[in-house]
Number of protein chains: 2
Amino acid sequence: LVELRDIRKSFSMGKEEVEILHGISISVEKSEFVAMMGPSGSGKSTTMNILGCLDKPTSGTYILNGQNINDLEGDDLAVIRNRTIGFVFQGFNLLQKTSAIENVELPLLYAGMPKKERRERAKEALIQMGLEDRLYHEPTQLSGGQQQRVAIARGIVNRAPILMADEPTGNLDSKTSDEIMKLFKKINEEDGTTILLVTHEPDVAAYAKRIVHFKDGMITSDEINREVKVS
Amino acid sequence: LVELRDIRKSFSMGKEEVEILHGISISVEKSEFVAMMGPSGSGKSTTMNILGCLDKPTSGTYILNGQNINDLEGDDLAVIRNRTIGFVFQGFNLLQKTSAIENVELPLLYAGMPKKERRERAKEALIQMGLEDRLYHEPTQLSGGQQQRVAIARGIVNRAPILMADEPTGNLDSKTSDEIMKLFKKINEEDGTTILLVTHEPDVAAYAKRIVHFKDGMITSDEINREVKVS
Ligand SMILES: Nc1ncnc2c1ncn2[C@@H]1O[C@H](COP(=O)(O)OP(=O)(O)OP(=O)(O)O)[C@@H](O)[C@H]1O
Ligand SMILES: Nc1ncnc2c1ncn2[C@@H]1O[C@H](COP(=O)(O)OP(=O)(O)OP(=O)(O)O)[C@@H](O)[C@H]1O
Ligand SMILES: [Mg+2]
Ligand SMILES: [Mg+2]
């Protein structure tokens, strides 16, 4: 379903080119639940941004759902992304001066869903995140963990076949983290949603069925998780 | 050194007033190392913002270093804050389009330190954070954990008597978190820096000598940590 082959990514800093990803290859089947771990700066978010069609690799191939992503541009890419992927950003990326519910409605708006139905679905996703009394708060009126949960709600609201979450529990207490992970496990097992999750926390990675380790822009291990958290 | 008495804080949402802190009282002596924990939304950052002189309570008293903070305004408040407190924000609050080193120099600039010395000190703080090859990167050119470490460097660079850190390790892997906590422990024990730290992680709170629990805008427990992490 998701396949990266020898992905390299460089950024230009002034006149210099710095290579950050040195040939990342990974293949994920439908309904897998994969956790990605590794030290700060090892290339996890850079890889997630390529997987989420938010950034293009410098070289290498990305095949998503049978489609070579390098062949797509602009609107075509945006449509595929909206239909296929729910994305939770490490830095939340919520729209300022916009309520939680409107932030969560955004992917549904792009999908062409009518107003009444959008509002229903967004409300439901926020209730699942324990935020039913924060629907109309704007980001500056929310705690760090509440903002994080709005970002998660926005990532799951369109029920896309793939959920990509970049450190979704960094600002959450362990009880709330656990609840979020149980919900992810549920949508993976009941809806067949494929999940790619970046995390620093072993307790969170424990829910995944496969764990991929990053170091210095390369994948150093990719193994079945023999101690999957059952409940 | 730091004393809050019956602090209440309300926010206005449209025509409504919502009380978030319902009478917070806490007293911290010089060179203490206190961790504050509690569920998402329980009022930790709101309390930290009051302690950091970034926000005023709706009622109650804040005495900092013998001075009643309610009596101070504008520039006087800013001077006291700059001289007394190093603050690490939960959301980092780095200046965009500004390099890491310039971000870290900011508190020193306000303190009137000359350019050459500022640059030296900022560089040293960033090296302590493992960021010596990221000095000239801007926030968008840094990973989440690197941005967090720039925010921490900025909080410790002026070596103020009090360090207030709001969830400083949320985006860091456990090895880096541990290194940061050992550094905090060192500045607490060697320099006598008073540390107030908000965290969701028990492994991080373990370094503190006292743990305060928040729930629904109130302090529910405040106890000596009998299992302080020695090393
Ligand atoms: N400007 C505001 N207007 C209205 N409500 C606010 C505002 N700022 C914060 N709140 C509310 O105050 C409560 C406490 O927020 P605070 O940021 O102190 O929580 P916290 O304990 O730091 O949580 P977290 O662990 O998620 O960071 C939250 O429920 C939040 O929605
Ligand atoms: N636009 C950019 N220009 C230059 N360097 C960049 C840019 N974006 C990221 N980097 C560098 O790429 C490296 C990898 O960043 P990335 O965000 O992928 O790390 P990460 O594994 O997600 O780290 P973390 O766990 O801290 O979030 C970092 O060292 C970062 O400084
Ligand atoms: Mg990252
Ligand atoms: Mg907070």
Side-chain angles (χ1 to χ4, degrees), chain A residues 11-14 16 18 20 37-49 89-92 94 99 129-131 133-134 136-149 166-177 179-180 198-203 205 213-215 217, chain B residues 11-14 16 18 20 37-49 89-92 94 99 129-131 133-134 136-149 166-177 179-180 198-203 205 213-215 217:
Chain A
F11 289 110
S12 46
M13 295 272 310
E16 278 184 49
V18 185
I20 295 297
M37 304 187 77
S40 174
S42 55
K44 307 178 298 293
S45 295
T46 304
T47 302
M48 285 293 270
N49 289 340
F89 292 85
Q90 180 171 10
F92 321 151
L94 301 179
S99 68
M129 291 294 132
L131 294 172
D133 52 359
R134 290 288 180 274
Y136 305 104
H137 283 233
E138 294 177 2
T140 53
Q141 298 169 321
L142 293 170
S143 78
Q146 290 167 346
Q147 290 178 41
Q148 185 147 45
R149 283 180 278 160
D166 194 349
E167 308 218 32
T169 62
N171 283 281
L172 300 174
D173 50 280
S174 52
K175 177 162 172 289
T176 312
S177 291
E179 287 165 17
I180 302 284
V198 170
T199 184
H200 281 306
E201 300 175 51
D203 287 354
H213 281 276
F214 281 75
K215 191 166 158 51
Chain B
F11 289 109
S12 46
M13 294 271 309
E16 277 185 51
V18 185
I20 294 298
M37 304 186 78
S40 174
S42 54
K44 305 178 299 293
S45 296
T46 304
T47 302
M48 286 292 271
N49 290 339
F89 292 86
Q90 180 171 10
F92 320 150
L94 300 179
S99 68
M129 291 293 133
L131 294 172
D133 53 357
R134 290 287 180 275
Y136 305 103
H137 284 233
E138 293 177 4
T140 52
Q141 299 169 321
L142 294 170
S143 77
Q146 290 167 346
Q147 291 177 40
Q148 186 147 43
R149 284 179 278 160
D166 194 348
E167 307 219 32
T169 62
N171 283 280
L172 300 173
D173 50 280
S174 52
K175 177 162 171 289
T176 313
S177 292
E179 287 165 17
I180 302 284
V198 171
T199 184
H200 280 306
E201 300 175 50
D203 288 353
H213 281 277
F214 280 74
K215 189 165 159 51

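Atom set for the values below is all heavy atoms of this structure, side chains included, hydrogens, waters and symmetry mates excluded. A note on names: the letters A, B, ... follow the listed sequences, proteins ahead of strands, and every chain is numbered from 1. As the structure is a computational prediction, the values presented were derived from the model and not from experiment.
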How far apart are the closest heavy atoms of Ile20(A) and Arg134(B), and which atoms are they?
CD1-NH2, 4.3 Å
I'd like to know which of Gly14(B), Gly145(B), Ser40(B), Ser143(B) tops the heavy-atom pair count under 4.5 Å against chain A.
Ser40(B)
Choice from Thr176(B), Asn171(B), Asp166(B) maximising heavy atom contacts with chain A below 4.5 Å:
Asn171(B)
Looking at [options], which one has more heavy-atom pairs under 4.5 Å with chain B than the rest?
| options | result |
| --- | --- |
| Arg149(A), Met37(A), Glu138(A) | Arg149(A) |
| Lys175(A), Glu201(A), Gln90(A) | Gln90(A) |
| Gln147(A), Gln146(A), His137(A), Met13(A) | Met13(A) |

OG1/Thr140(B) to CZ/Phe11(A) distance, rounded to the nearest 0.5 angstrom?
9.5 Å
Let me know if Glu167(B) has heavy atoms under 4.5 Å from chain A in its side chain, its backbone, both or neither.
side chain
